[in-house]
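For the single chain, residues carry numbers from 1 onward in sequence order. Note that the structure is predicted; figures quoted are calculated from it, not measured.
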Amino acid sequence: MSARVRLAGRLIEGRISAGLTSRQLAEKSGLSASTISRYEDASRVPSVDSLVQLSRAFGHDVGELNVLHEIWRAALREVPSPTDQLSSAWRAADFYGLDRVHTPEDLRRALQRVHTRAGAPSVRSLQQTMGWSKTAVANLLSKPKLPNSDLYEDFLQACSVANLTPWKNKWAQLKEQQDAQQDIEKLGPPR
């Protein structure tokens with residue numbers, strides 16, 4: 001059974017266990033009844049915010065929310081996002097803000113958005129998937145410096161970025177800027 005179907009089943013179980021109709025759940029969660037229906041028939045995967053709203057409406061404790069969140073993360077990886085209908089270059093440039101990346105700090109923020117979109121896998125999980133140290137993976141998401149190109153590409157693949165070309169181009173552009181700045185610094189101040 002797919003994670004998407006398991007998530008839908010958990011949402012239905014949560015609503016029934018809470019003794020709520022779809023309409024009551026909609027009122028209690030602040031989501032529309034049609035949206036909830038799409039979640040329950042597995043035609044859509046809720047956003048993390050919607051998942052939390054539903055979990056609160058069900059009266060879930062933190063442990064139940066964590067279980068639901070793990071299933072949600074798996075379901076999110078199975079389902080192409082609505083933006084998958086668009087070109088990969090547009091997704092990378094617009095959705096992740098790649099067109100606004102001009103510094104290593106901007107790149108770090110874009111990588112954090114990629115990480116969030118991938119369901120925010122733990123550093124340990126990424127480390128195991130990528131084969132890099134936990135420190136290297138953690139630094140990629142926290143340090144405002146240009147990462148190693150192999151680490152960078154492995155991270156993007158681990159987070160299921162479909163088209164690496166715009167990301168590689170952006171890395172190369174930042175690397176060229178960094179190298180030029182280092183060359184200028186080597187020359188020293190003008191005499």
Side-chain angles (χ1 to χ4, degrees), residues 1-101 108-126 128-130 137 141 153-167:
M1 174 184 314
S2 76
R4 193 171 161 183
V5 171
R6 284 186 312 150
L7 179 61
R10 286 290 188 130
L11 295 176
I12 293 167
E13 288 172 11
R15 179 176 55 77
I16 292 170
S17 295
L20 300 171
T21 65
S22 293
R23 183 158 290 167
Q24 291 168 328
L25 178 59
E27 291 172 12
K28 194 168 182 177
S29 67
L31 301 169
S32 72
S34 63
T35 296
I36 291 169
S37 174
R38 284 187 289 252
Y39 296 158
E40 289 185 350
D41 72 12
S43 63
R44 273 186 61 195
V45 174
S47 68
V48 71
D49 292 335
S50 296
L51 187 70
V52 170
Q53 288 173 277
L54 290 168
S55 189
R56 284 184 184 147
F58 299 152
H60 279 168
D61 63 23
V62 174
E64 292 167 317
L65 177 57
N66 284 337
V67 169
L68 202 56
H69 185 256
E70 286 302 313
I71 298 169
W72 171 81
R73 285 175 48 189
L76 195 60
R77 288 186 193 102
E78 292 176 356
V79 180
S81 70
T83 57
D84 283 342
Q85 306 298 319
L86 305 170
S87 75
S88 296
W90 179 87
R91 275 198 326 273
D94 189 60
F95 185 78
Y96 297 113
L98 199 55
D99 58 333
R100 295 183 303 274
V101 170
R108 182 190 63 81
R109 284 194 291 268
L111 292 173
Q112 288 175 333
R113 286 188 290 276
V114 168
H115 181 248
T116 300
R117 179 69 178 131
S122 70
V123 170
R124 182 179 183 148
S125 170
L126 286 170
Q128 291 170 344
T129 301
M130 296 165 55
V137 176
L141 293 169
E153 290 179 27
D154 289 348
F155 172 81
L156 293 168
Q157 289 173 340
C159 290
S160 303
V161 172
N163 182 1
L164 297 182
T165 302
W167 291 93

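Side-chain N or O atoms of Glu64 include one that pairs as donor or acceptor with a backbone N or O of Asp61 at under 3.5 Å. Remark: the backbone N or O of Ser125 is paired with a side-chain donor or acceptor of Thr129 at under 3.5 angstrom. Between the side chain of Thr116 and the backbone N or O of Gln112, at least one donor-acceptor pair lies under 3.5 Å. Formation of a donor-acceptor pair under 3.5 Å by the Ser29 side chain with backbone atoms of Leu54 is not found in this model. For the pair Arg44 (side chain) and Ser37 (backbone), a donor-acceptor distance under 3.5 Å is absent.
Note that CG of Asn66 and NE2 of His60 are 11.5 Å apart. Values are rounded to the nearest 0.5 Å. The structure places NE2 of His115 at 7.5 Å from OG of Ser122, a figure rounded to the nearest 0.5 Å. To the nearest 0.5 angstrom, Leu31 atom CG is 11.5 Å from Ser22 atom OG. A distance of 10.0 Å separates CG of Leu7 from CD1 of Ile12, quoted to the nearest 0.5 Å. Atom CZ of Arg10 is separated from atom CG of Leu51 by 11.5 Å, given to the nearest 0.5 angstrom. The distance from the CG atom of Leu68 to the OG atom of Ser55 is 5.5 Å, given to the nearest 0.5 Å.
The two residues Arg73 and Pro121 make their nearest non-hydrogen contact at NH2-CA, 3.0 Å. Glu153 approaches Leu164 most closely through the heavy-atom pair O-CD1, 4.5 Å. The shortest heavy-atom contact between Val161 and Trp167 is CG1-NE1, 3.5 Å. Closest approach of Val101 to Ala110, counting heavy atoms only: CG2-CB, 3.9 Å. In this structure, Arg4 and Ala42 approach most closely via the heavy-atom pair NE-O, 2.7 Å. Across all their heavy atoms, Ile71 and Ala3 have their closest contact at CG2-O, 3.6 Å.
Within 6.0 Å of atom CZ in Arg15, more than 12 heavy atoms from other residues, nucleotides or ligands are found, so the atom counts as buried in its surroundings.
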Could you walk me through whether Phe58 and Leu25 pass the side-chain contact (heavy atoms from CB on, under 4.5 Å) check? CA-CA 8 Å; Phe58 299 152; Leu25 178 59; 3.7 Å; yes
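Contact annotation: the side chain of Val52 approaches that of Arg56 to within less than 4.5 Å [non-hydrogen atoms, C-beta and beyond]. Side-chain contact between Leu141 and Phe155 is present, with at least one heavy-atom pair separated by less than 4.5 Å. With a 4.5 Å cut-off on side-chain heavy atoms, Leu11 and Trp72 do not count as touching. For the pair Arg38/Thr35, a side-chain contact is recorded, criterion being any heavy-atom separation below 4.5 Å from C-beta on. Counting only heavy atoms from C-beta outward, the side chains of Cys159 and Leu111 never approach each other to under 4.5 Å.
Checked by atom type, the side-chain pair Asn163/Thr165 shows a donor-acceptor distance below 3.5 Å.
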